[in-house]
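To start, the structure itself, in structure tokens.
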Amino acid sequence: MLLIHCPYCDETLPEVEFAYAGEAHIARPADPSALTDEEWRDYLFIRTNARGPHYERWRHVHGCGRFFNALRDTVTDRFVTTYRIDEPRPVLTPLEAAE
Amino acid sequence: MTTHDHDFTAAPFLIEERPWSPRLSLRVRPQHRETLARSLGLDLPSRIGHRSVTDKTELLCLGPDEWLILVPAQGRDDLMAASAEAYAATPHSLCEISDRDITLRLSGPQALTALAAGCPRDLGSLPIGNAARTVFDSATVILWRDGQDSFRMDVWRSFLPHVRAILHKVKAELSSGL
């Protein structure tokens with residue numbers, strides 16, 4: 001079982017309490033009607049599908065109920081870090097990127 | 001005459017249903033927490049899972065902006081009135097949710113073992129006097145640790161038959177020495 005650190009509860013808890021919520025840092029376009037169909041499609045459906053470090057959203061659904069962001073390696077399933085939804089994207093150190 | 005829950009068969013743990021009592025859900029943004037606590041006369045703990053207990057009122061912090069309040073019926077009316085008065089100056093939501101949950105008390109030497117059957121958390125490390133919202137076999141529950149082997153579990157009423165059935169099965173297994 002994966003253990004995930006919830007930045008709001010400040011505790012490391014079993015994965016069963018959490019729900020995955022897709023890729024993080026995808027901002028909704030400010031003026032959707034100005035977009036072409038292709039740009040709108042990209043916003044809605046096209047995702048990074050990263051192999052390696054991936055910024056993603058999780059929700060502590062059976063707990064504080066909060067959404068937060070995580071940096072997880074999709075190859076090893078290791079959580080590098082988790083951070084609050086209003087915090088900037090943490091920079092990968094070369095060591096973590098090499099893993 | 002008072003009735004007591006006797007434990008004749010030396011069961012590994014005891015499941016009791018607690019009588020109905022009012023409970024309220026309070027939501028307020030962190031920047032308004034202290035102002036609201038002053039106007040309601042409550043001590044709102046800021047750490048998730050921490051409780052504050054004043055004579056008959058119990059408060060539990062469930063999230064960065066969410067608290068659960070257990071009050072006696074009289075206190076509830078006073079609190080609702082104070083909340084209505086403070087509303088214009090401090091936006092918040094105080095909502096009665098008394099009928100949503102039913103509380104079970106689990107006690108006995110193997111209460112922790114029974115909870116481990118459905119809850120993935122390490123409950124042995126939950127400090128006495130704290131509480132946690134967690135999951136018990138797919139149902140969200142709030143677990144209050146009142147003593148080493150004494151827990152309260154708030155379950156949404158529609159999930160109660162499911163939770164009860166699991167606990168009774170675990171009880172039968174533990175009683176038979178499995």
Side-chain angles (χ1 to χ4, degrees), chain A residues 1-28 30 53-92 99, chain B residues 25-31 33 44-51 59-68 93 95 97 100-101 112 115-127 130-145 153-156 158-159 162-163 166:
Chain A
M1 184 192 291
L2 283 174
L3 292 173
I4 303 175
H5 182 84
C6 173
Y8 292 95
C9 297
D10 198 20
E11 275 190 274
T12 303
L13 299 164
E15 183 199 356
V16 189
E17 287 193 6
F18 297 84
Y20 179 70
E23 191 172 343
H25 303 292
I26 294 174
R28 185 182 165 88
H54 185 229
Y55 295 92
E56 55 196 19
R57 296 191 308 160
W58 283 78
R59 184 175 178 221
H60 193 186
V61 57
H62 298 295
C64 63
R66 287 282 140 167
F67 281 90
F68 59 90
N69 290 335
L71 178 58
R72 179 178 63 99
D73 193 306
T74 59
V75 178
T76 60
D77 230 5
R78 193 173 81 87
F79 279 80
V80 179
T81 183
T82 58
Y83 52 103
R84 289 171 182 242
I85 209 88
D86 51 355
E87 287 173 10
R89 186 194 296 243
V91 186
L92 270 177
E99 276 187 38
Chain B
S25 166
L26 173 69
R27 306 290 304 256
V28 60
R29 288 181 187 270
Q31 65 265 34
R33 180 176 65 86
L44 297 176
S46 58
R47 254 190 86 80
I48 295 172
H50 282 215
R51 290 193 228 172
L59 272 108
L60 166 63
C61 181
L62 284 175
D65 60 355
E66 186 179 4
W67 287 266
L68 178 66
S93 140
C95 184
I97 51 163
R100 193 181 67 182
D101 311 56
L112 263 176
L115 287 169
C119 178
R121 250 190 217 230
D122 175 18
L123 291 170
S125 68
L126 184 69
N130 276 27
R133 184 156 59 187
T134 178
V135 62
F136 188 88
D137 198 81
S138 78
T140 301
V141 298
I142 298 174
L143 275 174
W144 307 68
R145 192 168 197 187
M153 181 155 76
D154 299 350
V155 192
W156 284 30
S158 56
F159 287 106
H162 176 64
V163 169
I166 293 174

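Residue numbers start from 1 in every chain, and the chains themselves are labelled A, B, ... in the order their sequence lines are given, proteins ahead of strands. Note that the structure is a prediction, hence the values are computed from the model and not measured. These numbers come from the heavy atoms of this one structure, side chains and all, not from hydrogens, waters or symmetry mates.
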Interatomic distance, B/Thr134 atom OG1 to A/His60 atom NE2 [nearest 0.5 angstrom]: 7.0 Å
Side chains of A/Glu11 and B/Ile48 in contact at under 4.5 Å (non-hydrogen atoms):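 Result no, sub-4.5 Å side-chain heavy-atom pair not found.
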Greater than 12 external heavy atoms within 6.0 Å of B/Arg100's CZ: yes
Interface moiety of B/Pro64 toward chain A, non-hydrogen atoms closer than 4.5 Å: side chain
For B/Ser138 against A/His62, the heavy-atom pair lying closest together: O-CE1, 4.2 Å
Most contacts with chain B, counted as non-hydrogen pairs under 4.5 angstrom, among A/Leu13, A/Val61, A/Asp10: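 Of A/Leu13, A/Val61, A/Asp10, A/Leu13 has the most heavy-atom pairs under 4.5 Å with chain B.
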